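Numbers restart at 1 for each chain; the letters A, B, ... are given by sequence-line order, proteins then strands. Remember, predicted model here, so these are calculated numbers, not experimental data. Only this structure's heavy atoms are used, side chains among them; waters, hydrogens and symmetry mates stay out.
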Number of protein chains: 2
Amino acid sequence: MSVLSRSRQDYVKALYALAPGGGPVPTSRLAERLAVSAPSVTGMLGRLAAEGLVAHAPRAGARLTARGRRVALAMVRRHRILETFLVRVLGLDWTEVHADAEVLEHHISDRVLEAIDRLVGHPHEDPHGHPIPDRSGRIQRRALAALTALPPGARAVVREIRDADRPRMARWKSVGLVPGAAVHVRRVRTLDDVYELSVAGRRLVTGSEGLEGVMVEVQRVAPEGTRRGR
Amino acid sequence: MSVLSRSRQDYVKALYALAPGGGPVPTSRLAERLAVSAPSVTGMLGRLAAEGLVAHAPRAGARLTARGRRVALAMVRRHRILETFLVRVLGLDWTEVHADAEVLEHHISDRVLEAIDRLVGHPHEDPHGHPIPDRSGRIQRRALAALTALPPGARAVVREIRDADRPRMARWKSVGLVPGAAVHVRRVRTLDDVYELSVAGRRLVTGSEGLEGVMVEVQRVAPEGTRRGR
DNA sequence: TACCAGAATTAGTCTAGGCTAAGACCGGCC
DNA sequence: GGCCGGTCTTAGCCTAGACTAATTCTGGTA
């Protein structure tokens, strides 16, 4: 009970990722996320429920218990500290550290994790800008908007780059869409899905597909006379 | 075939550890070392033989093939680089890093391993003094003697501390028996198993039990008129 | 109200890698 | 030469965690 198999850790982590607020997650969503069949999910949810990590109302989805949530947050902490370490200490690129952290988070002892945390200076954010839960599982919650949701004229600062495939992250990085970058939405042509932005002063024209996963903190919604889109 | 399960890696590593020279290893020795039953060993040896990693003549023990030996040396390299990292970068004590390295060696990608190797400056020895195989599996072979095999009067330098239980390694460390330390054998009382040494200038009296695993490079066997013991 | 489609669960298998119990081999002693 | 004890191997079983096929719900529509 005290030491969870890698599989269990993955299920708990996925539940948290799919519903950080604790809402119920359908079996099929978990199956898709974990690249596993639906019956496998049903089976594992049964075990996790018996262990008190999830509440599973048959045919009504599963949600983490308080204990499950603590486990999930511990995994998130491990993952993000490891990513920070891989980038800052080992010099790997932040567009390519996800897979390594994904494996290591299951196998590193608390002792080594805390030593690494110390080495990188107890960071509050990982290289993608995600907040790192503290030892007791507290995580900074912030109200971020998707860059694609901003109306023309808005100004914002990039805060998080959600994990995505490597080429996409590499593209974001190459055009300056990195945590901390200032963004100004110049025009949005909804019909043909074209965004004209300036990113850190440089002009960028792209489709929405190339922006999903970039989360920003809004500075100014729009110049005078313009209303915020939903 | 290209990616070996943790279990397979452990068997191959154990075979190398029990017979670095490539000699045959009895099933029972493997079982003992891996804390596994003899039938489990027979079963796994069958699989490893089918995969070309070991040669298994029934009832005559198993030995590594050239391929198996390459795998084993890669594992040794990973283990020792990781130990070096845990000590030099994370600041852990060399008497307590073995278990962590034992787990991590199976889960770290080549990319991360090489980054770590770079970070610690491509060391040739780990913190216990063991030589680290290079990328192509070449390992420095040296003729070391057990400290307990030295005759009275001999002078030597500690070169390797063989992995052992933590308290024992901690004791060695606390009395100065660390790689690089100069040792002078003052007296050996074979009857009641007492060794009188001076270690880095400090006097040390102990039984042989407290010295097993300390390997030295002999400087001078004995003063005039004394013969070397076997 | 009855039916249908999609989602979830149940039933039954499979693989890796363990285990115990039982049988087969082999080297040494009488 | 025959037996005996230890060492291996074979036989059969177990668990975690996957899978596919078949079955059961359930909510929405005719």
* Identify, with sequence neighbours excluded, every residue that meets ring-ring contact (aromatic ring centres under 6.0 Å, His included) alongside A:Tyr11. => none
* Using the C1' atoms of five pairs at each end, what's the angle between the two axes of the helix from C:dT1-D:dA30 to C:dC30-D:dG1, to 10 degrees? -> 30°
* To do: Just grab all the ring pair (Phe, Tyr, Trp, His ring centres under 6.0 Å) pairs involving residues 19-61 of chain B, residues at least two apart or on different chains.
  => none
Kindly list each side-chain donor-acceptor pair under 3.5 angstrom involving residues 71-83 of chain B, sequence neighbours excluded, with atom names and distances?
{"residue": "B:Arg77", "atom": "NH1", "partner": "B:Pro133", "partner atom": "O", "Å": "3.1"}
{"residue": "B:Arg77", "atom": "NH2", "partner": "B:Glu114", "partner atom": "OE1", "Å": "3.2"}
{"residue": "B:Arg77", "atom": "NH2", "partner": "B:Glu114", "partner atom": "OE2", "Å": "3.4"}
{"residue": "B:Arg77", "atom": "NH2", "partner": "B:Asp117", "partner atom": "OD2", "Å": "3.4"}
{"residue": "B:Arg78", "atom": "NH1", "partner": "B:Glu105", "partner atom": "O", "Å": "2.9"}
{"residue": "B:Arg78", "atom": "NH1", "partner": "B:Ile108", "partner atom": "O", "Å": "2.8"}
{"residue": "B:Arg78", "atom": "NH2", "partner": "B:Ile108", "partner atom": "O", "Å": "3.0"}
{"residue": "B:Arg78", "atom": "NH2", "partner": "B:Asp110", "partner atom": "OD1", "Å": "2.8"}
{"residue": "B:His79", "atom": "ND1", "partner": "B:Glu105", "partner atom": "OE1", "Å": "2.9"}
{"residue": "B:His79", "atom": "NE2", "partner": "B:Glu83", "partner atom": "OE2", "Å": "2.9"}
{"residue": "B:His79", "atom": "NE2", "partner": "B:His98", "partner atom": "ND1", "Å": "3.2"}
{"residue": "B:Arg80", "atom": "NH1", "partner": "B:Pro131", "partner atom": "O", "Å": "2.7"}
{"residue": "B:Glu83", "atom": "OE1", "partner": "B:His128", "partner atom": "ND1", "Å": "2.7"}
{"residue": "B:Glu83", "atom": "OE2", "partner": "B:His98", "partner atom": "ND1", "Å": "3.4"}

* Structure fact -> Between CD of A:Glu32 and P of C:dA8 the distance, given in whole Å, is 11 Å
* To do: State whether B:Arg189 and B:Asp193 are salt-bridged, where the test is any N-O pair (Lys NZ or Arg NE/NH1/NH2 against Asp/Glu carboxylate O) under 4.0 Å.
  => no
Please output the side-chain donor-acceptor pairs of residues 37-47 of chain A that fall under 3.5 Å, not counting sequence neighbours, one pair per line with the distance.
{"residue": "A:Ser37", "atom": "OG", "partner": "A:Ser40", "partner atom": "N", "Å": "3.4"}
{"residue": "A:Ser37", "atom": "OG", "partner": "A:Ser40", "partner atom": "OG", "Å": "2.9"}
{"residue": "A:Thr42", "atom": "OG1", "partner": "A:Ala38", "partner atom": "O", "Å": "3.3"}

* Rounded to the nearest angstrom, tell me the gap between atom CG in B:Asp10 and atom P in C:dG18. => 9 Å
* **Heavy-atom protein contacts under 4.0 Å, nucleotides 9-20 of chain D, coded B base, S sugar-phosphate only, - none** => BB------BSBB
* To do: Scan side-chain atoms only and decide if B:Asp10 and B:His106 contain a donor-acceptor pair under the 3.5 Å cut-off.
  => yes
* Test side chain to side chain donor-acceptor pair (under 3.5 Å) applied to A:Ser109 and A:Arg111, step by step -> CA-CA 5 Å; A:Ser109 68; A:Arg111 197 155 54 96; 4.9 Å; no
* To do: Before giving the answer on side chain to side chain donor-acceptor pair (under 3.5 Å), spell out for B:Arg138 and B:Ser136 the whole-Å C-alpha distance, their side-chain angles and the decisive distance to 0.1 Å.
  => CA-CA 6 Å; B:Arg138 265 183 294 272; B:Ser136 59; 3.0 Å; yes
